[in-house]
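Have a look at the structure below before the remarks.
Proteins get letters first, then strands, A, B, ... in listed order; numbering begins at 1 in each. Note that the coordinates shown come from a computational prediction; the quantities given were computed from them, not determined experimentally. Excluded from the calculations below are hydrogen atoms, water molecules and symmetry mates; all remaining heavy atoms, backbone and side chain alike, are included.
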Amino acid sequence: MNLQLMWESAPRLLGGTALTVQLVLLSLLLGFVLAIAIALMRLSGIRTLSSFASAYVFVFRGTPLLVQIFLIYFGLAQFEAVRESIAWIVLREPFWAAIIALTLNTGAYTSEIFRGGIQAVPYGEIEAAKACGMSRLMSYRRIILPLALRQALPAYGNEMILMVKASSLASTITLLEITGIARSIIARTYSPVEVFIVAGVIYLAINFAITLFVQRMEHRLTPYLHRA
Amino acid sequence: MKRTIVLLAGAAVLVIAGQAGAKDWTEVVIGTEGAYPPWNSTNASGELVGAEMDLAAELCARMNVTCKIIAQDWDGIIPALQNGKYDAIMAGMSITPERMEAINFSRGYFNDPARIAVLKGSDLEGLETIERLTLEDIDADEQATLDKLKEALAGKTIGAQIATIHANFIEQFLTDVDIRAYQTQDELNLDLQAGRIDAAVADNQAFKDFMETAEGADIVFTGPAMSGGVFGKGVGVGLRKEDSDLLDLFNQAINEATADGTVTRISIDWFGTDMSM
Amino acid sequence: MELLSFGDQGWGDEMFRAAFTTLLLSVSAMLLGLLIGTLGAAAKLANSLALRAVGGTYTTIVRGIPELLIIYLLFFGGSGAAMSVARVFGYTGYIELNAFAIGTLAIGFISGAYSTEVLRGAFLAVPRGQIEAAKACGMSGLLLFRRIMFPQVARYALPGIGNVWQLTLKDTALISVTGLVEIMRQANVAAGSTRSPFIFFLAAAVIYLALTTASNQGFHRAENWAGRGVRRPAAGTT
């Protein structure tokens with residue numbers, strides 16, 4: 001075990017954290033919006049919408065993320081029509097290809113989490129909202145979504161951690177986030193174990209921070225469960 | 001404790017034990033990438049083929065050993081040799097001082113200059129430079145060419161395969177470029193053709209193979225053929241440092257195969273030109 | 001389409017064989033994961049503080065580090081680790097782990113962390129009163145496990161195990177980086193060799209989808225079977 005190498009590679013690996021965090025935050029944000037739309041589509045009762053939404057969830061949950069990334073990055077670029085379309089401005093860049101893949105992936109998982117959360121809202125509260133004369137939209141905004149999100153928070157915390165881990169696959173399409181930098185250091189030093197251990201510690205630290213954050217959020221969102 | 005033993009026993013079942021101690025080399029396992037045509041590639045039957053596979057067969061016959069060839073991704077190819085996954089690397093790997101720190105090399109068997117490739121119609125096409133650039137004892141003409149390359153490529157996105165002499169060249173000689181490091185030459189080719197990168201640096205032959213396909217028809221060379229210095233001393237067999245007996249075997253076999261024209265024949269078969277050293 | 005045909009010219013037969021490797025790898029990794037998961041759950045539920053710490057560290061680390069890193073670590077460090085273990089037993093020779101064994105170990109190690117959590121939850125779901133009752137009836141530990149614990153833990157754990165299986169199946173795609181020719185590796189090689197990435201990655205996606213769907217059905221049946229005789233809410237109120 002080469003401790004000096006570990007010490008020396010740490011700053012460079014930490015430099016990759018910025019890109020990892022960007023990838024994770026941006027795709028979580030976009031995926032969150034997408035997931036709410038998909039969850040509402042699934043629960044809409046309109047057949048075409050709900051079957052489209054379930055087909056999407058089925059495909060993206062049933063295939064490995066690596067396949068999705070390669071299909072979007074290398075697969076789509078194969079077609080001249082794609083390369084000449086406006087979409088190419090975005091798809092051309094590995095960063096955005098990664099964001100698209102990660103967003104579509106987390107969107108599928110997160111929509112299932114939200115669907116569970118929405119379904120867990122007690123029916124009595126929805127009835128009460130109706131009785132107060134709330135419109136469907138308002139009852140969603142004021143009652144159902146806030147309750148569903150609180151219900152879904154622990155599961156969503158897990159999804160955030162899964163996304164941090166998933167972002168490492170962006171290294172397969174030339175992005176130099178933590179894992180990508182680890183691989184390029186290894187390409188020079190041929191000491192994979194040392195470098196990957198340091199990278200692993202950085203990932204653990206990020207995920208530990210997320211866990212703490214989610215716990216605090218849970219604490220804040222459930223004031224009635226603990227005394228001030 | 002009991003649990004640990006159960007775990008270990010489980011692990012032991014999965015382990016394939018090799019022969020112990022000093023080897024007398026009756027079997028040599030060779031690692032290659034299998035994704036770098038025409039040097040080495042995998043065909044539709046799942047077989048490893050290419051100039052280096054043919055050469056390996058010739059060398060093994062001369063060394064009087066049976067050889068087994070297995071594929072390994074490029075960026076793990078040296079660590080896997082050190083791990084003992086195989087005993088030798090034949091994967092279009094150039095002999096460089098950097099790699100010599102980690103492993104041993106046989107003498108070179110093929111020598112191929114590096115080239116810069118761009119898409120037809122790119123503003124980088126047809127750079128007027130000297131034809132051959134040797135990065136040893138750089139003279140005035142060569143320095144002028146280097147400066148010209150540096151200027152033309154500034155601000156551009158340039159791709160190379162990760163952990164190659166080509167990636168090293170970009171890092172050391174070109175400043176102010178956006179480097180993209182690819183896992184395989186195929187991925188590099190795909191992105192060059194798709195226009196994701198402005199230029200790519202790789203072996204002359206790796207590009208030529210691609211240019212002959214329908215998809216690669218729009219790829220052209222630009223600038224000089226480059227060798228020497230950072231580009232290393234030809235392509236050799238990579239070996240573990242402790243296996244000096246195997247190194248001697250390979251050196252002798254390569255000497256013989258070079259002397260009797262076998263290396264030349266294989267080179268012409270696969271590359272269409274004599275790249276023997 | 002002829003790219004996916006069977007025979008010398010097409011990649012259909014290679015893809016098919018690769019799918020078989022994926023399946024074989026998933027099954028062996030899943031089994032190893034269940035073995036590790038049982039030990040892990042036992043450790044996490046043990047009275048010993050040390051055992052609980054070991055179990056907790058294991059699941060925290062594996063669930064907090066990208067799978068890709070764990071695979072690389074075991075791939076590059078695995079042989080060395082196996083050799084040091086062998087030294088303990090007095091074997092000083094050289095040990096090589098083949099790609100399949102490394103894949104099984106790496107994916108099984110990851111899968112085991114998730115199985116640990118599922119099995120721990122299932123153990124805890126068995127009402128304590130039943131265990132006490134069984135003890136009061138004079139059942140031995142083994143009999144108690146066989147008659148009371150196992151059938152119920154299996155039932156409670158099945159849905160979770162189904163999820164772990166899906167994760168495991170999809171994680172095998174990452175083993176492609178070690179050179180084992182499973183679906184993803186084969187698709188990659190074919191995509192590079194034919195310069196038609198779209199068709200091969202799409203084919204890979206379809207194969208994975210078929211595998212996950214088929215096994216999902218299997219797990220649904222198993223859940224029904226394991227849940228036979230359990231009182232359910234009347235139809236329409238789920």
Side-chain angles (χ1 to χ4, degrees), chain B residues 2-8 10-23 29 31-37 41-49 70-80 82-87 183-190 193-194 210 213-216, chain C residues 3 5 7-14 17-18 28 31-32 35-36 38-39 42-43 51 72 75-83 85-86 88-89 91-105 108 176-181 185-186 188-197:
Chain B
K2 225 175 182 173
R3 285 191 187 113
T4 339
I5 291 171
V6 172
L7 252 185
L8 290 178
V13 173
L14 292 160
V15 164
I16 293 160
Q19 60 267 65
K23 296 190 175 183
V29 185
T32 194
E33 190 193 1
Y36 199 59
S41 63
T42 313
N43 69 11
S45 308
E47 296 155 0
L48 290 163
V49 293
I70 55 178
Q72 162 63 42
D73 272 8
W74 176 256
D75 72 336
I77 210 158
I78 287 180
Q82 293 168 326
N83 262 353
K85 183 176 174 185
Y86 35 76
D87 309 304
Q183 300 302 321
T184 65
Q185 178 71 28
D186 286 326
E187 291 176 0
L188 174 64
N189 288 340
L190 286 173
Q193 183 227 344
F210 184 49
T213 65
E215 293 81 8
Chain C
L3 288 176
S5 67
D8 275 355
Q9 294 307 307
W11 293 80
D13 46 342
E14 277 76 21
R17 261 204 302 276
S28 54
L31 290 178
L32 179 64
L35 180 72
I36 298 176
T38 312
L39 299 175
L51 277 180
Y72 276 126
F75 175 62
F76 292 121
S79 284
M83 276 191 271
V85 169
V88 175
F89 292 93
Y91 180 79
T92 51
Y94 175 73
I95 292 177
E96 184 190 306
L97 294 168
N98 72 7
F100 191 87
I102 290 172
T104 304
L105 281 179
S176 58
V177 298
T178 67
L180 181 68
V181 185
R185 172 82 183 183
Q186 189 65 69
N188 230 329
V189 169
S193 162
T194 63
R195 272 109 197 176
S196 308

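Of the two parts of Asn43(B), only the backbone, made up of N, CA, C and O, holds a non-hydrogen atom closer than 4.5 Å to a non-hydrogen atom of chain C. Using a 4.5 Å cut-off between heavy atoms, Gln183(B) does not touch chain C at all. No part of Glu47(B) comes within reach of chain C, as not one of its non-hydrogen atoms sits under 4.5 angstrom from that chain. At a 4.5 Å heavy-atom cutoff, the contact between Ser176(C) and chain B is made by backbone atoms alone.
When all heavy atoms are compared, the tightest approach of Arg195(C) to Glu215(B) is CB-CD, 3.8 Å. Pro197(C) and Leu190(B) make their closest contact through CG-CD1, 4.1 Å (heavy atoms, listed as atom of the first residue, atom of the second, distance). Contact record, Arg185(C) with Ala71(B): NH2-CB, 4.0 Å, taken as the closest heavy-atom pair.
In this structure, the separation between CD on Gln186(C) and OG1 on Thr42(B) is 8.0 Å, given to the nearest 0.5 Å.
With sequence neighbours excluded, no residue forms a side chain to side chain donor-acceptor pair (under 3.5 Å) with Ser41(B).
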